[in-house]
Amino acid sequence: MLRSSAYSSLTAVPPWAANELPASGIPALGLVLVVIGGFLLWRSAQRSNPSRREERRGGVVFLVLGCLIGVAGLLKIWLDR
């Protein structure tokens, strides 16, 4: 198996991957997920789309997760003040 010699073990992660997302980035991540969900819901409304049901389900999931992550991020920012 090929692996970089910079990491001591298979479970080691690169240093940039271990950094926490800043508190101000969490609501932005939620907003991006809401936009993706809205796009999928918009596509599911198109009559000519053969995968309407799957895109509707995916859109709802992205929309709900985006809202939850966005609210959690705003709450974290508010509590950290």
Side-chain angles (χ1 to χ4, degrees):
M1 176 169 76
L2 297 175
R3 66 183 173 103
S4 174
S5 61
Y7 305 118
S8 60
S9 71
L10 292 177
T11 58
V13 295
W16 54 268
N19 293 341
E20 182 179 337
L21 184 66
S24 61
I26 297 173
L29 174 64
L31 181 62
V32 167
L33 292 175
V34 166
V35 168
I36 292 170
F39 174 73
L40 288 173
L41 287 174
W42 172 78
R43 276 191 44 114
S44 71
Q46 307 299 319
R47 294 271 183 215
S48 61
N49 190 354
S51 60
R52 292 173 59 193
R53 178 174 287 153
E54 292 85 5
E55 287 185 357
R56 188 177 320 123
R57 287 180 185 162
V60 169
V61 168
F62 271 99
L63 199 64
V64 169
L65 284 176
C67 289
L68 290 175
I69 290 173
V71 168
L74 290 174
L75 186 62
K76 183 177 180 178
I77 290 173
W78 184 68
L79 291 175
D80 285 344
R81 285 193 295 157

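Keep in mind it's a predicted model, so treat the numbers as computed, not measured. Quick note: numbers below take in every heavy atom, side chains included, and nothing from hydrogens, waters or symmetry partners.
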| Would V71 and V64 show up in the same hydrophobic cluster when neighbours are defined by side-chain heavy atoms closer than 4.5 Å? | no
For L40 and G58, the nearest pair of non-hydrogen atoms, with its separation, is CD1-C, 3.9 Å
When every non-hydrogen atom of R43 is compared with those of N49, the smallest separation belongs to O-ND2, 3.1 Å
Separation between SG (C67) and CZ (F62), nearest 0.5 Å, reads 13.0 Å
For I26 and K76 the tightest heavy-atom approach is CD1-CD, 4.0 Å
hydrophobic_cluster_shared for L41 and L68, side chain cutoff 4.5 Å: yes
All heavy atoms of R52 vs all of Q46, minimum pair found to be CD-O, 3.4 Å
Apart from V35 itself, its cluster of hydrophobic side chains linked below 4.5 Å comprises none
CG of L63 to CD1 of I36, rounded to nearest 0.5 Å, is 11.5 Å
One should read off an interatomic distance between E54 CD and S44 OG, to the nearest 0.5 angstrom, of 10.5 Å
Residues G73 and P27: closest non-hydrogen pair is C-CG, 3.8 Å
